[in-house]
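Just follow the structure's listing: the first ligand is 1, and inside any ligand the first atom is 1. Just so it is clear, the structure is predicted and the values come from calculations on it, not from any experiment.
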Amino acid sequence: MTVQNLPGQPHLAYRGNELFLEDVRLSDLVKTHGTPLFVYSKESMLAALAAYQRGFAGRQVQICYAMKANPALGVIQVFAAAGCGFDIVSGGDMDRVLAAGGQAHKIIFSGVGKTRAEMRRALEAGIGCFNVESEAELEVLSEVALSMAMRAPVSLRVNPNVDPKTHPYISTGLKGSKFGVAHDRVLQTYQRAATLAGINVVGIDCHIGSQITDIAPYLDAADRMLDLVEAIEAAGIPLQHIDFGGGLGINYNDDTPPAADELWQKLLIKLDARGFGQRQLMIEPGRSLVGNAGVCLSQVLYLKPGEQKNFCILDAAMNDLPRPAMYQAFHQIVPLTPRDATPQTWDVVGPICESGDWLGHDRALAVQAGDLLAVLSAGAYCMSMASNYNSRGRAPEVLVDGTQARLIRQRETMADQMRQELSLLTP
Ligand SMILES: *Cc1c(COP(=O)(O)O)cnc(C)c1O
């Protein structure tokens, strides 16, 4: 039997004429669980994590998985068992980490709009660090901590004002971004933090954007961060850790991001040269740990050839996989069982009543109604952004480990969807 790997997707391969993720035939999972269906490779996640671990060999580092990329309990459990901490952006995220057996002291809490209730609960749980994003938030956090007779461990998220050269919706480190403390206010804000009785300054943090495929913005951001660390420490405020955020891109379609180990070896050369190589470091990768570990499986409902466009209508849609609609993102789409026929050009769309409901434009596919397709690179920011638009239940999720496949989330039913609603027909 011939085995044909997919470029940039080491855990996916055609064996004979059937697509496998690790050692599991994907069409078998469809027989059991139906479509749409998300399937993730545990080995792919651990291989992505191992690249970071190699890059940091011999250094003090805490890798905090940015769980908004994929917050499934089963996914968090894989990373918790591998020793990861977690970058959370809500109290709900924290509940997930604790429910999955993650350790509170390895949690860092990011986000521009933390509520007092979220702060209180995170302090009670004993999280490792609040990544504070504004002066106003700093004052509130100090008040909340003092009311509990505590001091909140804080790192300020600074906005280094570098352009990550990615999509504007996922670039976060430029002037004019809602994120982080403006570069020229950083020192003042640290000085203020040092006077607040409810605040314990422990670090500095940045996160410049997402799907970054170029090393230069990271090097620029690192230089600007280290300049700030020097200035803050010269002002008498020591910092225990430096957090460089996440943002490393993945290969969706001929993207060529640096490998995590290569990126970090280069950054560590810079840190060493500037005398910071032995500091406690932190990073917050999300997409690069899970993005290429996942596929979304879907069935072709109808073919609708037209004068200007041919439409291939799937049972997966923008509610399952919002990235194309939100960011004009590209995901490869491949058949589970390729046909020996001449491909035609299709716009691959979902059933939702929006013209923005597409998964791929102008794709060369040899398909028939009833065929199964896999949307690739669907492990990050797909299921985590899924919605119930058009009363569509969210898809189930399966975690593959070698020959084993475990259901980690059931398909959402209509009863699940209507549970929070109150009928006018019952008194
Ligand atoms: C989203 C986010 C991350 C992770 O970004 P990726 O591009 O998925 O690696 C890390 N840190 C913060 C603060 C974030 O908001």
Side-chain angles (χ1 to χ4, degrees), residues 45 48-49 51-52 55 61-72 75-76 79 84-90 92-94 97 106-114 122 127-134 137 154-160 162 164-174 177-181 203-215 217-218 221 225 241-252 255 257-260 263-264 267 281-294 322-323 326-327 329 377-385:
M45 293 180 202
L49 177 62
Y52 280 101
V61 66
Q62 174 68 61
I63 301 175
C64 291
Y65 167 51
M67 61 178 282
K68 72 178 195 285
N70 189 329
V75 170
I76 295 174
F79 289 113
C84 282
F86 296 90
D87 177 42
I88 66 168
V89 289
S90 69
D93 274 354
M94 184 179 82
V97 173
K106 291 186 183 170
I107 293 177
I108 55 178
F109 193 170
S110 301
V112 296
K114 304 175 192 78
I127 69 161
C129 189
F130 290 84
N131 288 351
V132 168
E133 303 222 14
S134 66
E137 182 193 339
V154 160
S155 157
L156 290 185
R157 173 166 175 186
V158 307
N159 187 336
V162 301
K165 305 203 165 49
T166 182
H167 189 285
Y169 281 13
I170 48 179
S171 118
T172 55
L174 277 168
S177 155
K178 73 172 175 179
F179 298 102
V181 176
I204 187 168
D205 165 53
C206 75
H207 172 69
I208 57 174
S210 202
Q211 186 54 17
I212 302 170
T213 53
D214 188 3
I215 202 163
Y218 275 106
M225 287 280 282
H241 74 248
I242 310 175
D243 178 344
F244 290 97
L248 179 60
I250 61 170
N251 175 35
Y252 286 102
D255 302 299
L263 172 73
W264 278 99
L267 279 164
L281 304 175
M282 288 212 212
I283 52 164
E284 308 164 352
R287 184 192 316 269
S288 54
L289 293 181
V290 291
N292 273 337
R323 296 188 69 259
M326 272 183 84
Y327 313 120
S377 310
Y381 303 110
C382 290
M383 186 61 188
S384 63
M385 290 183 169

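- Between the side chains of Asn292 and Ser377, at least one donor N or O lies within less than 3.5 Å of an accepting N or O.
- Glu133 and Asn159 form no side-chain donor-acceptor contact under 3.5 Å, judged by distance and modelled atom types alone.
- Taking 4.5 Å as the limit, some side-chain heavy atom of Ser210 sits within range of a side-chain heavy atom of Arg287.
- Taking the side chain as every heavy atom from C-beta outward, Ile108 and Phe130 never approach each other to under 4.5 Å.
- The protein residues lying under 4.0 angstrom from ligand 1, judged by non-hydrogen atoms, are Ala66, Lys68, Asp87, Ser110, Arg157, His207, Ser210, Gly246, Gly247, Glu284, Pro285, Gly286, Arg287, Tyr381.
- Between Phe79 and Phe86 the shortest side-chain heavy-atom distance falls below 4.5 Å.
- Side-chain polar atoms of Asp87 and Ser110 form a donor-acceptor pair below 3.5 angstrom.
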